[in-house]
A.B. asks: 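Below you will find the structure I want to go over with you.
These figures come from a predicted structure and were not determined experimentally.
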Amino acid sequence: QVQLVESGGGLVQAGGSLRLSCAPSGRTVSSSAMGWFRQAPGKEREFVAAIGSSGGGTSYADSVRGRFTISRDVAKNTVYLQMNSLKPEDTAVYYCAAGLSQYAYMNSHNVLYWGQGTQVTVSS
């Protein structure tokens, strides 16, 4: 049984920063890639970033590349999303995800485990 618990969401002004954390609990797979997705009201869930099991490889959506940084504490099996230069269009519910795919292939259809989501709201 795997549970992903997100934290760090909140309200921030445009240009500000937030750091999301995802702390898995329960049984996990050591080879699993982890990532972040987001979903705004009325829109489909979209890929944000992913990181490989070793933490060495990362992938980002074009919309966040250069502003967001995904990292992983392998020992703690915890993933982070540092979000800088936030824009109002970043407003969404952010979901932590874990899967067996390589980080470059992670998408909303091959995720094995989802977190409950954490709200990120960016005001302007």
Side-chain angles (χ1 to χ4, degrees):
Q1 189 173 12
V2 176
Q3 183 177 3
L4 304 178
V5 182
E6 303 102 333
S7 63
L11 175 65
V12 66
Q13 295 183 21
S17 299
L18 284 173
R19 190 192 192 201
L20 306 183
S21 299
C22 176
S25 63
R27 190 174 183 178
T28 59
V29 180
S30 61
S31 62
S32 177
M34 297 185 70
W36 292 92
F37 293 75
R38 66 187 183 186
Q39 187 167 21
K43 296 185 178 180
E44 296 182 357
R45 189 171 299 185
E46 66 175 355
F47 170 79
V48 175
I51 189 166
S53 60
S54 67
T58 58
S59 180
Y60 297 94
D62 290 341
S63 59
V64 306
R65 187 175 292 109
R67 299 187 297 119
F68 291 9
T69 302
I70 188 170
S71 61
R72 186 170 187 170
D73 186 326
V74 177
K76 296 181 178 180
N77 199 25
T78 300
V79 67
Y80 305 92
L81 185 67
Q82 179 66 47
M83 304 184 293
N84 298 325
S85 301
L86 283 162
K87 304 175 180 179
E89 51 263 44
D90 295 318
T91 295
V93 177
Y94 283 69
Y95 297 91
C96 181
L100 293 176
S101 66
Q102 293 184 347
Y103 68 92
Y105 304 134
M106 178 170 279
N107 59 69
S108 62
H109 301 294
N110 61 19
V111 169
L112 295 178
Y113 307 104
W114 293 100
Q116 293 182 339
T118 184
Q119 177 70 47
V120 172
T121 302
V122 183
S123 63
S124 61

A.B. asks: If only side-chain N and O atoms count, and only distance matters, is there a donor-acceptor pair under 3.5 Å linking Thr91 with Glu89?
C.D. replies: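 Judged by distance alone, the side chains do not pair up.
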
A.B. asks: Tell me, please, which residues at least two apart from Glu46 pass salt bridge (Lys or Arg N to Asp or Glu O under 4.0 Å).
C.D. replies: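 If we apply the salt bridge (Lys or Arg N to Asp or Glu O under 4.0 Å) test to Glu46, skipping adjacent residues, the hits are Arg38.
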
A.B. asks: Can you tell if the side chain of Val79 reaches within under 4.5 Å of the side chain of Ser71, non-hydrogen atoms only?
C.D. replies: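 No, side chains not in contact.
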
A.B. asks: Are the side chains of Phe68 and Gln82 in touch, meaning some heavy atoms are under 4.5 Å apart?
C.D. replies: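 No, side chains not in contact.
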
A.B. asks: Sequence neighbours left out, what passes salt bridge (Lys or Arg N to Asp or Glu O under 4.0 Å) with Arg65? Give chain and number order.
C.D. replies: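 Salt bridge (Lys or Arg N to Asp or Glu O under 4.0 Å) check on Arg65 returns Asp62.
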
A.B. asks: Consider only side-chain heavy atoms of I, L, V, M, F, W and Y, link residues closer than 4.5 Å, and tell whether Val64 and Tyr80 are in one cluster.
C.D. replies: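 As far as the 4.5 Å side-chain criterion goes, Tyr80 and Val64 are not connected within one cluster.
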
A.B. asks: Would Val120 and Asp90 satisfy side-chain contact (heavy atoms from CB on, under 4.5 Å), going step by step from the backbone distance to the final call?
C.D. replies: CA-CA 8 Å; Val120 172; Asp90 295 318; 5.5 Å; no

A.B. asks: Does the side chain of Met106 reach to within under 4.5 Å of the side chain of Ser59, using non-hydrogen atoms?
C.D. replies: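 Counting from C-beta outward, Met106 and Ser59 never come under 4.5 Å.
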
A.B. asks: How far apart are the closest heavy atoms of Ala50 and Tyr103, and which atoms are they?
C.D. replies: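 Reported closest heavy-atom pair: CB-O, 3.4 Å.
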
A.B. asks: Does any non-hydrogen side-chain atom of Glu6 lie less than 4.5 Å from one of Ser21?
C.D. replies: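 No. Closest side-chain heavy atoms not under 4.5 Å.
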
A.B. asks: Taking the six-membered ring of Tyr95 as reference, does the NZ or CZ atom of Arg45 fall below 6.0 Å from its centre and within a 45° cone about the axis?
C.D. replies: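 Checked: cation-pi criterion met.
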
A.B. asks: Please report the C-alpha distance between Trp36 and Ile70 in whole Å, then the side-chain angles of each, then the deciding distance to 0.1 Å, and finally whether the side-chain contact (heavy atoms from CB on, under 4.5 Å) criterion is met.
C.D. replies: CA-CA 8 Å; Trp36 292 92; Ile70 188 170; 3.7 Å; yes

A.B. asks: Would Trp114 end up clustered with Ile51 when hydrophobic side chains under 4.5 Å apart are linked, directly or stepwise?
C.D. replies: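 In one cluster: no.
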
A.B. asks: For Ala33 and Gln102, work out which heavy atoms get closest and say how close.
C.D. replies: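 In this case the closest contact between Ala33 and Gln102 is CB-C, 4.1 Å.
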
A.B. asks: If you count every heavy atom of other residues, nucleotides or ligands that lies below 6.0 Å from Gln119 atom CD, does the total exceed 12?
C.D. replies: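 Enclosed.
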
A.B. asks: If I take atom CG from residue Leu20 and atom SG from residue Cys96, how far apart are they, to the nearest 0.5 angstrom?
C.D. replies: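 Output value for this atom pair is 9.5 Å.
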
A.B. asks: Starting from the C-alpha separation in whole Å, work towards a yes-or-no answer on side-chain contact (heavy atoms from CB on, under 4.5 Å) for Ser53 and Arg72.
C.D. replies: CA-CA 8 Å; Ser53 60; Arg72 186 170 187 170; 4.2 Å; yes

A.B. asks: Could you go through Thr69 and Leu81, starting from their C-alpha distance and side-chain angles, then the distance that decides it, and tell me whether this counts as side-chain contact (heavy atoms from CB on, under 4.5 Å)?
C.D. replies: CA-CA 6 Å; Thr69 302; Leu81 185 67; over 6 Å; no

A.B. asks: Rounded to the nearest 0.5 Å, what separation is found between the NZ atom of Lys87 and the OG atom of Ser85?
C.D. replies: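 The distance works out to 8.0 Å.
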
A.B. asks: State which residue, out of Tyr94, Phe37, Tyr60, Tyr105, fulfils the ring-ring contact (aromatic ring centres under 6.0 Å, His included) condition with Phe47.
C.D. replies: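 Only one of Tyr94, Phe37, Tyr60, Tyr105 forms a ring-ring contact (aromatic ring centres under 6.0 Å, His included) with Phe47, namely Phe37.
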
A.B. asks: Over all heavy atoms of both residues, which pair between Leu86 and Leu18 is shortest? Give the atoms and the distance, please.
C.D. replies: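 Closest pair (atom of Leu86, atom of Leu18, distance): CD1-N, 3.9 Å.
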
A.B. asks: If I compare all heavy atoms of Pro88 with all of Ala14, which pair ends up nearest, and what's the gap?
C.D. replies: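 Between these two residues, the closest heavy atoms are CD-CB, 4.2 Å.
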
A.B. asks: Among the clusters formed by ILVMFWY side chains lying less than 4.5 Å apart, do Val122 and Val93 turn up in the same one?
C.D. replies: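 Hydrophobic grouping puts Val122 apart from Val93.
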
A.B. asks: Quick check on the hydrophobic clustering: are Val5 and Tyr113 connected, directly or via other members, by side-chain heavy-atom contacts under 4.5 Å?
C.D. replies: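 No.
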
A.B. asks: Any donor-acceptor pair under 3.5 Å linking the side-chain atoms of Asp73 with those of Thr78?
C.D. replies: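 Looking only at side-chain atoms, Asp73 and Thr78 do not form any donor-acceptor pair under 3.5 Å.
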
